[in-house]
Chemist: 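This structure is in structure tokens; I'll ask about it shortly.
Letters A, B, ... are given to chains in the order of the sequence lines, protein chains preceding strands, and every chain is numbered from 1.
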Amino acid sequence: MKVSLLLANYPYVIAVILFCLGCLCILTQHNLIKKVIGINIMQTGIFLFYIAVGNINGGVAPIYDPNLPEGVLYINPLPSALILTGIVVSFSVTAFALAVIVKLYNYYGTVNAPDIMRMR
Amino acid sequence: MHLWKTMPFLLIILSLLPAFVMAIFARWKREVCPYLAIGSIAFSFAVSCLLAFRVMGGETIHYHVSDWLPPWGIEIFIDELAVMMLLLLTGCFLLITIFSIKALPKEIPPLATGWYYTLLLLTLTAMMGMVVTNDLFNMYVMVEVTGIGACALVVAKGEKLSTEATLRYLMLSSLGAGFFLFGIGFLYQITGNLNIPYVATELARVREQYPFLLWATMSFITVGLGVKAALFPLHIWLPDAHSSAPSSSSAILSGLVVKVYIVSMLRIYFMVFGFEVFHETYMRYLILFLATLAIIGGSFFAFVQLELKRRLAYSTVAQIGYIFLGFGLGTVWGITAALLHIIIHAFMKTCLFLSAGAIYYQTGRKKVTHFSGLGYQMPVTMAAFTIASLSMVGIPLFGGFITKYALAMGSLEANNPYFIILIVISGLLNAAYYFPIIWQAYFTSGHDVKLKMDLVPLTMLIPIVIMALGIIYMGIFPGGPLSFLEKAVTRFVF
């Protein structure tokens, strides 16, 4: 059944929903700050996707522990490590975008995109 | 001997380091900054020449960063394509930086002149990294760094228009990077690898099982890198960003930055997905269609612009169309033409934008309607401008003709001769918006003209002249570059 398949893979569904929401936010919001929030939502969706790819149901964090029972599965640590880099990149993009928006605010006195277009 | 082996890594690190050292000089000794940047870029150029020498000898260079072997670690892989891009990037950056010594203080606020070189070196480093890396996630990081660096090069001017253009550029480029990252995520999910050859072998084994996921991956990567490379309907950020930047930034953005994304795309299509998938999934037809739109649309938009730099920016949209056209034809001649156009367009656009900068420096004119008599006031600059324009139009003996010829050969090879008509039409359109400028400059100034020498400093004239000579060289002796590029293409296509 298709619906049960979707429900079983709910992290992917949420990742896709977040990604779409973020894209929509970037493209349709008028407020520049909201656009930046949209970028962050979109990137969060992608990060969730990577984490979901690396995850194993019932797996534990990939740290060796002698007390764990035999045959326990460790999750894949690589996507988490990649996403750490991704978070840094997304942070720097956000910081830069906000700096540019502050500059625009100083010039125009508003952060509303249509108003800025009208004042040009 | 150890140094010889770590050369590819040094190339990246030793241009990243001066970028941050520059910040110290930017505070106290601002006038040293350009020379430090030139030294660093000249070093990169020398290393690239050495690498090129090694690759010409027939070897390809693999370097494993901090000795982690390929499936786990990041690998640097240098083949003919990477070497070509390295030489092009460092060479053009060297000339543009020499140009910017005198031109920059007139175009951006004095406080920013030191920091500007930090951004310049960061962008160069990220672009070199993107070209040489063999790891998909590393490629994404480099794509993001290039995006931020390029945006910062635009905003350095600090005017209303450029700030606004930067924000739009930044939004769309991080959107594109998001799409690209999602595409890489799909590839990682399918294959469990990030190293390009490993992904390719694994993908060839399992791709029958995931037809839809393969489609999704290809479209995500096409859209992601297409936004960054300004493929036609996704080009909306380009004209504002490229025309409102300082002229040395415009030359970098228009001549080089949009090209490295195309090279990454080429690598992903042909080295990850392989030639068959490219032909089977009709991605080729989409690219051909968009390239046709870009060539026609970009030329028409350029035709109606009155400001010189805006006209040049729209012309870039059309020229990107040529590169994608060769790429979409998917034959040896076609892809060779695309790579050749990457080189020649870098020469032409850099020459044109630097000339525009020189014209602004001497006369303060920006509109193409105010150019009368310029051919006699600035003979050297206008001569270079004319050479680049003739090359854009595709007159024989200039570089542009060679790519048009190679594209025509490619479309015959792909059994699709209609594209020859497109190439001829676009040549005429190019003539329609470049020749009026030249006409204005030489033939509309009455009788009382006296020939004077340019009043711009030599450091600005020499890069322009070298670029113009490069265009003529490529037009008259295309044999060497062509055979080298053909070797590069045959390595990854067949």
Side-chain angles (χ1 to χ4, degrees), chain A residues 12 15-16 18-20 22-27 29 32 35-36 38-54 76-79 81-86 88-108 111 113 116-117 119-120, chain B residues 71-74 119 122 126 135-138 140-145 147-152 154-155 157-194 213 216 220 223-224 240 244:
Chain A
Y12 294 109
V16 170
L18 280 178
F19 184 83
C20 298
C23 282
L24 200 71
C25 206
I26 297 172
L27 297 176
Q29 285 296 325
L32 295 177
K35 277 181 196 278
V36 176
I39 291 179
N40 277 297
I41 294 176
M42 183 187 83
Q43 280 166 338
T44 312
I46 301 169
F47 298 159
L48 179 62
F49 176 78
Y50 269 75
I51 300 296
V53 167
N76 182 359
L78 184 66
L82 295 180
I83 286 322
L84 219 52
T85 316
V88 174
V89 169
S90 121
F91 165 75
S92 50
V93 169
T94 310
F96 185 46
L98 289 177
V100 174
I101 290 172
V102 168
K103 215 167 165 193
L104 271 182
Y105 184 77
N106 283 342
Y107 284 136
Y108 293 100
V111 289
I116 291 176
M117 290 301 268
M119 269 186 257
R120 247 167 97 163
Chain B
W72 302 286
I74 293 170
L119 305 173
L122 268 182
D135 180 279
L136 285 174
F137 195 81
N138 196 20
Y140 159 74
V141 174
M142 294 303 181
V143 163
E144 273 287 22
V145 177
I148 296 176
C151 289
V154 180
V155 83
K157 199 170 189 181
E159 284 176 350
K160 277 185 182 180
L161 199 64
S162 65
T163 313
E164 206 188 308
T166 308
L167 193 68
R168 192 180 305 156
Y169 185 12
L170 188 66
M171 293 286 172
L172 284 171
S173 99
S174 48
L175 193 71
F179 273 86
F180 183 51
L181 184 58
F182 221 134
I184 291 173
F186 284 141
L187 275 180
Y188 182 71
Q189 195 187 17
I190 300 174
T191 63
N193 274 312
L194 286 168
L213 203 49
F220 267 76
V223 171
D240 279 341
S244 65

Chemist: Distance-only check: which donor-acceptor pairs under 3.5 Å involve side-chain atoms of residues 177-187 of chain B, not counting sequence neighbours?
Modeler:
none

Chemist: What's the separation between atom OG in Ser162(B) and atom NZ in Lys103(A), rounded to the nearest 0.5 Å?
Modeler: 6.5 Å
Chemist: Taking side chain as everything from C-beta outward and backbone as N, CA, C, O, which of these in Val88(A) sits under 4.5 Å from a heavy atom of chain B? Side chain, backbone, both or neither.
Modeler: neither
Chemist: Once you round to the nearest 0.5 Å, how far does OH of Tyr188(B) lie from CG of Leu82(A)?
Modeler: 7.0 Å
Chemist: CE of Met171(B) to CG of Leu27(A): how many Å apart, nearest 0.5 Å?
Modeler: 10.5 Å
Chemist: What is the distance from atom CD of Gln189(B) to atom CZ of Phe49(A), rounded to the nearest 0.5 Å?
Modeler: 4.0 Å
Chemist: Would you mind reporting whether Tyr107(A) and Glu164(B) have side-chain heavy atoms less than 4.5 Å apart?
Modeler: no
Chemist: Quick one: closest heavy-atom pair of Ile39(A) and Ser174(B), and the distance?
Modeler: CD1-OG, 3.2 Å
Chemist: Between Thr85(A) and Tyr140(B), is a side-chain contact (heavy atoms from CB on, under 4.5 Å) present by the stated rule, with each step listed?
Modeler: CA-CA 10 Å; Thr85(A) 316; Tyr140(B) 159 74; over 6 Å; no
Chemist: What part of Asn106(A) gets within 4.5 angstrom of chain B, counting heavy atoms only: side chain, backbone, both, or neither?
Modeler: neither
Chemist: Where is the tightest heavy-atom contact between Val93(A) and Leu170(B), given as atom of each residue plus distance?
Modeler: O-CD2, 4.3 Å
Chemist: If you measure from CG on Leu78(A) to CG on Leu194(B), what distance do you get to the nearest 0.5 Å?
Modeler: 6.0 Å
Chemist: Measure the CD1-NZ distance between Ile116(A) and Lys160(B) for me, rounded to the nearest 0.5 Å.
Modeler: 10.5 Å
Chemist: Measure distances from Leu104(A) to the heavy atoms of chain B and classify the residue's part below 4.5 Å as side chain, backbone, both or neither.
Modeler: both
Chemist: Taking side chain to side chain donor-acceptor pair (under 3.5 Å) as the test, write out the residues that go with Ser92(A), two or more places apart.
Modeler: none
Chemist: Using heavy-atom distances under 4.5 Å, tell me whether Tyr50(A) contacts chain B through its side chain, its backbone, both, or neither.
Modeler: side chain
